[in-house]
Amino acid sequence: MGPSVLIAGAGPSGLVLALILLQNGVSVRIINNELKHRIGSRGAGIQARTLELYEILGIFPDIRKAGEPVKSEGKPFSMAVYNPGKTEPTKLLPSNYVAPTPDTPHTYGLTLSQERHEEILREYLKDLSCTVELGCELRDFEQFTDHVVAHLVKTDADGQQQEERTKFDWLVGTDGAHSMVRKQLGLSFLGETRTEQNMALGDIVIENLDNKIWHTWNVPPKLIMLRANHSTSQVFTYVYTGRAGEKPLTREEFIEEFYALTGRRDLTFGENTWMSNYRPNVRMVDRMRDGRVFIAGDAAHCHTPSGAQGLNSSIQDAVNLGWKLAIVAKGLAPEALLDTYSEERIRVIAHMLQVTTKMHDKTWVHVPGAPADDESRWKRSPDLSMLGVNYCGSSIVLEGKDKGKAAAESNAYATAEGGRVQAAYRAPDAPGLVSVDDAQMTNLFSVFRATVHTVLVFGGDAAGRALVADVLGRLPKDTVQRWSSFATVLEDRAGHAYGGYGVEAGELTVVVVRPDGVIGAVVFEAEGVEAYFQRIFG
Ligand SMILES: Cc1cc2nc3c(=O)[nH]c(=O)nc-3n(C[C@H](O)[C@H](O)[C@H](O)COP(=O)(O)OP(=O)(O)OC[C@H]3O[C@@H](n4cnc5c(N)ncnc54)[C@H](O)[C@@H]3O)c2cc1C
Ligand SMILES: *[C@@H]1O[C@H](CO)[C@@H](O)[C@H](O)[C@H]1NC(C)=O
Ligand SMILES: *[C@@H]1O[C@H](CO)[C@@H](O)[C@H](O)[C@H]1NC(C)=O
């Protein structure tokens, strides 16, 4: 039997989806139409929430090692703002660094070129015996009640082509903004292309510019921003906007425009490894599933580059779909569970597009009369960390008592209110837990897995806890891990779990954490636990 899932497109969403399915023991084939892996910085920002998901996937340490924190304690300033012709900045914008807390170990994202990021993801796939098949294009597909037939065309290095028609159980189009899967499904892709705004992005070497800070020149309506791709690298990623004309810029034209705009002829440019002329697009579909076929990532939504939400939200699509598709593909849950992928993600994406479009306009679109050194344009809403992304109102999420629920439902991107954790929000971390068995210190993010639900049982008496254990015992094998009251199995010595989860000692509180790190249920008796899992496994 061949692989169960065909993943068409090996960008970040396809790679992360493949990793989750493989970790879950579901076989995949992942293809990419191009003959070589793509290069360049592109989506170079990895949001704080994505880092948390990477902890759950077990790949965070390698990503952290390769990337550069967006803000760190030792860097008081985040951006230097220059007037044309001056080598000293007119203003240094403070970074307003916020320190991590026990429940939020990542207060900022990382920058990491998409090229390197994808390479790391491919290394993890390789460990699971999966390689991306290059030069393999999905041309079209046909859908049947219990399978999908994909029409693939393979091109080898000599340009020889070979066609095949192969059967899969499921097809996921992670094939980017021009997605053929979306087009063949006939899904609407509504929104706008900002034709008035040509942007040029690229990676270029500048040997004599400070690589520890971001740099910007604003000469309305033109704006240039430079950011080193790592604090040890002189490769700068540039974003240039506001020029007139349709023609893509070359390296030499960019440099001429740069000198004309900034007057900084003291800066000397080296190799330009990657360059892209880009027109912001803001579009999304209204549905991400059609029978046995799904779309995820840019295939389903595209963004302006501001605030770097494109890649993060693509990865969140993959994480939301991954665990659901895994248990359905293994026959453990009904197909209807897959409808909740679209249901949960569409609302979040719609909200995100509003936020990023507003921010894009604030940063890159010149308002006549606005001061050239207006620093408010660089202020970023804390929403962009994506830590507040929530699935309130989802049909599979269960909140036993509706504490603060109504307020949250109105905003898919809200930061959770203080107090007890709520269903539909991210499950916070809690360090300082001590395993009673082996006295090892651990934290919740190390305990969570992309392959199982994690059930945290706080407080209660032995009888109440036994009833919960009973419910869990009847669930499909290996789909749930239980961390019985922290008082007995994991001892919450520092109080971060009780504190961070806002749970009072005494009362039985069961927090069910989904494989995507989202709280699926907060309930107070065994019946609630049963009701939640009924929604998942049927
Ligand atoms: C110039 C530029 C700058 C960007 N800057 C940022 C940024 O600063 N921050 C940010 O967050 N995001 C940014 N993005 C967006 C970010 O790159 C995307 O959001 C992200 O790559 C989406 O990942 P994906 O996996 O959904 O799609 P993609 O990365 O587009 O991957 C799709 C893959 O599918 C392949 N493919 C297409 N059709 C087929 C087919 N029929 N068969 C097989 N394979 C196929 C493609 O070759 C491609 O490799 C930028 C994008 C561009 C182009
Ligand atoms: C993801 O979010 C981080 C903020 O934490 C941001 O810096 C980064 O650019 C985002 N990246 C993408 C590709 O969305
Ligand atoms: C910086 O850019 C270079 C050239 O594009 C690339 O090879 C390298 O991996 C990048 N480094 C990081 C940390 O993004």
Side-chain angles (χ1 to χ4, degrees), residues 6-18 30-47 50 63 65-68 109-121 132-141 150-155 171-184 199-205 211 225 227-237 239 270-281 295-315 317-318 352 356 384 386:
L6 174 65
I7 299 175
S13 27
L15 292 168
V16 169
L17 181 66
I30 177 167
I31 62 171
N32 203 69
N33 59 347
E34 288 164 4
L35 284 165
K36 282 194 186 134
H37 296 302
R38 292 183 305 175
I39 60 161
S41 285
R42 291 178 294 136
I46 305 180
Q47 296 290 350
T50 308
I63 295 284
K65 220 181 295 157
E68 179 76 24
L110 296 177
T111 58
L112 174 61
S113 70
Q114 195 170 327
E115 171 183 340
R116 180 72 192 115
H117 185 173
E118 291 177 359
E119 196 179 9
I120 294 172
L121 293 171
V132 172
E133 236 175 279
L134 289 174
C136 186
E137 183 186 342
L138 174 67
R139 279 285 166 83
D140 51 68
F141 56 88
H151 174 198
L152 307 177
V153 178
K154 296 194 72 166
T155 308
L171 165 66
V172 187
T174 45
D175 50 347
H178 303 287
S179 171
M180 77 75 39
V181 176
R182 180 189 69 233
K183 287 176 192 160
Q184 191 183 320
M199 305 183 86
L201 292 92
D203 293 334
I204 198 162
V205 173
N211 61 6
M225 202 266 286
R227 167 181 65 73
N229 78 352
H230 197 271
S231 58
T232 59
S233 160
Q234 291 299 132
V235 176
F236 283 81
T237 300
V239 182
E271 194 189 356
N272 190 165
T273 45
W274 165 76
M275 185 166 195
S276 167
N277 287 272
Y278 189 71
R279 267 191 200 157
N281 242 304
I295 52 172
D298 277 16
H301 42 83
C302 48
H303 318 255
T304 68
S306 301
Q309 302 286 293
L311 178 136
N312 294 293
S313 50
S314 296
I315 290 168
D317 287 350
M352 176 190 55
T356 54
L384 293 174
M386 296 192 162

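Atoms considered below: every heavy atom in the structure, side chains included; atoms not considered: hydrogens, waters and symmetry mates. All ligand and atom numbering here is 1-based and tracks the order in the structure.
Of the candidates Asp140, Asp175, Leu138, the one placing a heavy atom closest to atom 42 (N) of ligand 1 is Leu138. With distances taken over non-hydrogen atoms, the option nearest atom 17 (O) of ligand 1 out of Arg42, Gln114, Gln47, His178 is Gln114. Nearest residue to atom 24 (P) of ligand 1 from Ser179, Gly40, Ser13, Ala8 is Ser13 (criterion: closest heavy atom).
Residue-ligand proximity, Ser276 to ligand 1, at heavy-atom distances under 4.0 Å covers atoms 1 (C). Those atoms of ligand 1 that come under 4.0 Å of a heavy atom in Glu34, given as number and element, are 47 (O). Contact atoms of ligand 1 toward Arg38: 28 (P), 29 (O), 30 (O), 31 (O), 48 (C), 49 (O) (distance under 4.0 Å to a heavy atom of the residue).
Checked by distance only, ligand 1 and Glu118 stay at 3.5 Å or farther apart across all their nitrogen or oxygen atoms. Distances between N or O atoms of Gly297 and those of ligand 1 include no value under 3.5 Å. For ligand 1, the polar-atom distance check against Trp274 finds no nitrogen or oxygen pair separated by under 3.5 Å. At under 3.5 Å, not a single nitrogen or oxygen of Ala177, backbone or side chain, sits near a nitrogen or oxygen of ligand 1.
Under a 4.0 Å N-O distance rule, the pair Lys36/Glu34 does not qualify as a salt bridge.
The side-chain hydrogen bond (donor to acceptor under 3.5 Å, both in side chains) search around Gln114 returns Glu118, not counting sequence neighbours.
Gly45 does not count as a contact of ligand 1, since none of its heavy atoms falls under 4.0 Å from the ligand. The closest approach between any non-hydrogen atom of Cys302 and ligand 1 is not below 4.0 Å.
Ile315 places a side-chain heavy atom less than 4.5 Å from the side chain of His117.
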Give me the pairs of N or O atoms, one from ligand 3 and one from the protein, that sit under 3.5 Å apart.
residue: ligand 3; atom: 2 (O); partner: Asn229; partner atom: ND2; Å: 2.2
residue: ligand 3; atom: 5 (O); partner: Thr273; partner atom: OG1; Å: 3.3
residue: ligand 3; atom: 11 (N); partner: Asn229; partner atom: ND2; Å: 3.0
residue: ligand 3; atom: 14 (O); partner: Ser113; partner atom: N; Å: 3.0
residue: ligand 3; atom: 14 (O); partner: Ser113; partner atom: OG; Å: 3.2
residue: ligand 3; atom: 14 (O); partner: Asn229; partner atom: ND2; Å: 3.4

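With hydrogens and angles ignored, the 3.5 Å screen pairs a side-chain donor or acceptor of Glu115 with a backbone N or O of Gly40.
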